[in-house]
Amino acid sequence: MRILVTGGCGFIGSALVLHLVNDLGHEVCTLDAMTYAANPISLASLADNPRHRLVEADICDRAAVQAAIADFKPQAVMHLAAESHVDRSITDPGAFVRTNVIGTQTMLDGARGYYEALPEAEKTTFRFLHVSTDEVYGSLPPDAFFTEDSRYDPRSPYSASKAASDHLARAWHETYGLPVLVTNCSNNYGPRHFPEKLIPLMILNALEGKKLPVYGDGLNERDWIHVEDHAKGLVAVLERGRIGNTYLLGGRAVRNNLAVVKALCAAFDRLRPENGPHERLISFVTDRPGHDRRYAIDCTKAETELGWRPQKTFEQALEETVAWYLDNESWWRPIREGRYTGERLGLTR
């Protein structure tokens with residue numbers, strides 16, 4: 001297939017592009033604005049691969065989007081490009097509305113115009129997959145789980161902008177007949193993750209002997225899915241999902257933040273015992289404004305309908321993630337010394 005992937009130089013996007021090209025043999029056009037969180041090194045292995053092309057363009061640029069689609073002639077669009085860090089959305093919500101809402105509308109319009117001009121036979125196989133987050137559903141009570149029927153209740157500028165984009169994707173299906181699929185995933189982890197997020201931030205801080213800042217009491221719970229499991233789930237939805245449907249993709253690995261950080265410390269104690277014990281670096285800091293208490297996904301629908309299920313075991317894959325950062329300083333060092341040094345983001349005052 002020819003698949004256009006937006007945000008393919010980001011964390012989840014690069015894992016997806018590598019899977020599509022290297023494992024499945026698809027031809028991929030990566031459309032990426034190359035913002036602060038994008039890293040072209042993530043796709044450097046595809047530089048000479050004829051099945052991959054990289055187009056630097058903003059998804060809010062209507063002319064650039066239409067040109068990329070017209071030139072590549074995709075059989076599917078997988079839309080991942082988004083501003084995604086809650087802390088940054090607290091500081092600059094306008095950037096999130098622009099990219100996540102206006103950008104999604106621009107992608108939907110571009111795909112719609114292209115789709116409507118396709119021959120009927122090609123229309124039957126074309127798909128637009130919109131990738132979103134479980135944060136659109138808000139905060140869960142203890143022991144509860146999100147399903148595809150959960151009520152939307154976003155609490156941050158980030159989750160509100162993603163909720164809006166989800167509604168746009170479904171509206172373009174219902175109003176214009178665009179063959180849309182929607183996914184909502186839990187927290188991702190794994191290699192090539194920009195170090196503003198919890199796990200890579202803690203890894204690099206631990207590596208440098210710095211404090212490991214845990215928000216509030218550390219008991220906020222998240223479901224964790226390895227990025228490679230997520231990429232395979234997205235392909236399963238694209239290939240076998242029912243048009244107009246939503247699929248939740250989770251790792252069935254609910255952990256509170258403090259437990260995650262302690263597991264990272266244990267991994268460091270095994271891999272770098274000379275600097276342990278690393279739990280001595282844990283410190284508790286002022287909580288994030290509006291910090292949701294619990295997210296957890298019931299991914300039964302994806303498992304039963306698509307035959308997909310997460311394969312990675314959290315603690316083992318977490319240690320593999322730590323090892324990747326230890327072995328790939330050339331990937332993260334330029335980021336740490338330039339675009340993001342580990343400073344606290346998202347404080348309202």
Side-chain angles (χ1 to χ4, degrees), residues 10-12 14-15 35-39 41-42 83-92 156 158 187-222 224 226-227 253 255-293 295 314-349:
F11 171 45
I12 301 172
S14 61
T35 62
Y36 78 93
N39 195 339
I41 299 174
S42 297
E83 294 283 352
S84 66
H85 189 39
V86 174
D87 287 2
R88 287 184 186 268
S89 80
I90 294 169
T91 303
D92 185 11
S156 71
Y158 163 60
N187 281 36
N188 282 233
Y189 69 101
R192 301 179 300 274
H193 200 175
F194 191 83
E196 63 188 357
K197 301 293 182 73
L198 176 67
I199 287 178
L201 176 63
M202 296 298 165
I203 290 174
L204 297 190
N205 277 16
L207 184 59
E208 297 171 354
K210 295 180 178 179
K211 293 292 186 181
L212 307 180
V214 176
Y215 289 174
D217 61 9
L219 300 183
N220 300 74
E221 294 179 321
R222 300 293 183 263
W224 293 92
H226 193 275
V227 68
R255 305 285 190 279
N256 66 53
N257 290 344
L258 183 58
V260 170
V261 176
K262 287 185 174 181
L264 282 168
C265 290
F268 262 98
D269 289 345
R270 290 187 289 272
L271 297 170
R272 292 286 176 92
E274 65 275 13
N275 297 323
H278 287 82
E279 279 195 26
R280 63 184 168 78
L281 299 173
I282 294 175
S283 65
F284 294 90
V285 299
T286 303
D287 205 356
R288 165 195 290 164
H291 197 180
D292 289 338
R293 194 63 170 174
Y295 305 144
F314 180 73
E315 278 71 21
Q316 178 181 347
L318 187 66
E319 184 159 329
E320 292 170 357
T321 301
V322 173
W324 186 89
Y325 279 89
L326 295 178
D327 294 339
N328 288 273
E329 183 173 347
S330 62
W331 185 90
W332 58 261
R333 177 62 68 185
I335 297 172
R336 193 72 163 181
E337 294 180 347
R339 283 173 283 167
Y340 179 66
T341 60
E343 67 273 16
R344 176 76 188 266
L345 301 170
L347 295 174
T348 56
R349 64 181 69 162

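Numbers for residues simply follow the sequence, beginning at 1.
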Participant: Distance to the ring centre below 6.0 angstrom and angle to the axis at most 45 degrees; does that hold for R222 and Y295?
Facilitator: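 Yes, R222 sits over the ring of Y295.
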Participant: Can you give me the closest heavy-atom contact between K211 and S283, atom names plus distance?
Facilitator: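 For K211 versus S283, the nearest heavy atoms are CB-OG, 3.9 Å.
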Participant: If you measure from NE2 on H85 to OH on Y158, what distance do you get to the nearest 0.5 Å?
Facilitator: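 The NE2 atom of H85 sits 11.0 Å away from the OH atom of Y158.
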Participant: I need the minimum non-hydrogen distance between G218 and N256, along with the two atoms involved.
Facilitator: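 Scanning both residues completely, I find the closest heavy atoms to be O-OD1, 3.5 Å.
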Participant: Over 60° means perpendicular and under 30° means parallel, so classify the ring planes of H291 and Y215, tilted if in between.
Facilitator: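 Plane angle over 60°, so perpendicular.
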Participant: Heavy atoms, side chains only, cut-off 4.5 Å: are W224 and L198 in contact?
Facilitator: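 Result yes, sub-4.5 Å side-chain heavy-atom pair found.
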Participant: Working to the nearest 0.5 Å, report the span between CG of L212 and CG of N257.
Facilitator: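 It comes to 12.5 Å.
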Participant: With the side chain counted from C-beta on, respond yes when R192 and W324 share a heavy-atom pair under 4.5 Å apart, and no when they do not.
Facilitator: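 The answer is yes, as the side chains (C-beta and beyond) meet within the 4.5 Å cut-off.
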Participant: To the nearest 0.5 angstrom, please state how far the CG atom of D217 sits from the CG atom of D287.
Facilitator: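 Output value for this atom pair is 7.5 Å.
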Participant: Is it the case that the side chain of N220 and the backbone of D292 share a donor-acceptor pair, with hydrogens and angles ignored and the cut-off at 3.5 Å?
Facilitator: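 Indeed, once roles are kept as given, a pair shorter than 3.5 Å links the two residues.
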Participant: Under a 4.5 Å cut-off applied to non-hydrogen side-chain atoms, are L345 and E196 in contact?
Facilitator: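 Yes - at least one pair of side-chain heavy atoms lies under 4.5 Å apart.
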Participant: Side-chain contact test, heavy atoms from C-beta onward, threshold under 4.5 Å: evaluate it for P191 versus N328 and give yes or no.
Facilitator: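 Result no, sub-4.5 Å side-chain heavy-atom pair not found.
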Participant: So, for L201 and G342, which heavy atoms are closest and what is the spacing to 0.1 Å?
Facilitator: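 That would be CD1-CA, 4.0 Å.
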Participant: Could you note down all residue pairs passing salt bridge (Lys or Arg N to Asp or Glu O under 4.0 Å) where residues 267-282 supplies at least one of them, sequence neighbours left out?
Facilitator: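 Found R270-E319.
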Participant: Using a cut-off of 6.0 Å, state whether more than 12 heavy atoms not belonging to K262 lie near its atom NZ.
Facilitator: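 At most 12 heavy atoms, drawn from other residues, nucleotides or ligands, come within 6.0 Å of this atom.
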Participant: Are L258 and I282 close enough that some pair of their side-chain heavy atoms sits under 4.5 Å apart?
Facilitator: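 The answer is yes; the side chains approach within 4.5 Å.
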Participant: Of all heavy-atom pairs between F268 and A206, which one has the smallest distance, and what is that distance?
Facilitator: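 Heavy atoms only, the tightest pair is CE1-CB, 3.7 Å.
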Participant: Kindly determine whether R333 and E208 satisfy salt bridge (Lys or Arg N to Asp or Glu O under 4.0 Å), including the steps that lead there.
Facilitator: CA-CA 12 Å; R333 177 62 68 185; E208 297 171 354; 3.8 Å; yes
Participant: Do N205 and L281 have side-chain heavy atoms sitting under 4.5 Å apart?
Facilitator: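 No - every pair of side-chain heavy atoms lies 4.5 Å or more apart.
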Participant: To the closest 0.5 Å, what do you measure between NE2 (H278) and CG (L264)?
Facilitator: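 Rounded to the nearest 0.5 Å, the NE2-CG separation comes out at 10.5 Å.
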Participant: So which heavy atom on R288 is nearest to which on D87, and how close?
Facilitator: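 Scanning both residues completely, I find the closest heavy atoms to be NE-OD1, 2.7 Å.
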Participant: Might you work through the side-chain contact (heavy atoms from CB on, under 4.5 Å) test for H226 and L318, ending with a clear yes or no?
Facilitator: CA-CA 9 Å; H226 193 275; L318 187 66; over 6 Å; no
Participant: Give a yes or no on whether a salt bridge exists between E315 and R255, defined as a side-chain N under 4.0 angstrom from a carboxylate O.
Facilitator: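 Judged by the 4.0 Å cut-off on N to carboxylate O distance, E315 and R255 do form a salt bridge.
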Participant: Please report the closest heavy-atom contact between P200 and Y325, naming both atoms and the distance.
Facilitator: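 Distance-wise, the nearest heavy atoms are CB-OH, 3.5 Å.
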Participant: Would R88 count as a cation-pi partner of Y36, with NZ or CZ less than 6.0 Å from the six-membered ring centre and within 45° of the ring normal?
Facilitator: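 Ring-cation test returns yes.
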Participant: Would you compute the distance between atom OH of Y340 and atom CH2 of W332 and round it to the nearest 0.5 angstrom?
Facilitator: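 It is 14.0 Å, given to the nearest 0.5 Å.
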Participant: Below 4.5 Å, heavy atoms only, C-beta onward: do N39 and F194 meet side chain to side chain?
Facilitator: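 N39 vs F194: side chains apart.
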Participant: Check whether any side-chain heavy atom of S42 sits under 4.5 Å from a side-chain heavy atom of W331, and report yes or no.
Facilitator: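 S42 reaches W331 side chain to side chain.
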Participant: Spell out, as yes or no, whether a donor-acceptor pair under 3.5 Å connects the side chain of T341 to the backbone of E337.
Facilitator: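 No, T341 side chain to E337 backbone: no donor-acceptor pair under 3.5 Å.
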Participant: Could you measure the distance from the OG1 atom of T321 to the CD atom of Q316? Nearest 0.5 Å is fine.
Facilitator: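 Rounded to the nearest 0.5 Å, the OG1-CD separation comes out at 10.5 Å.
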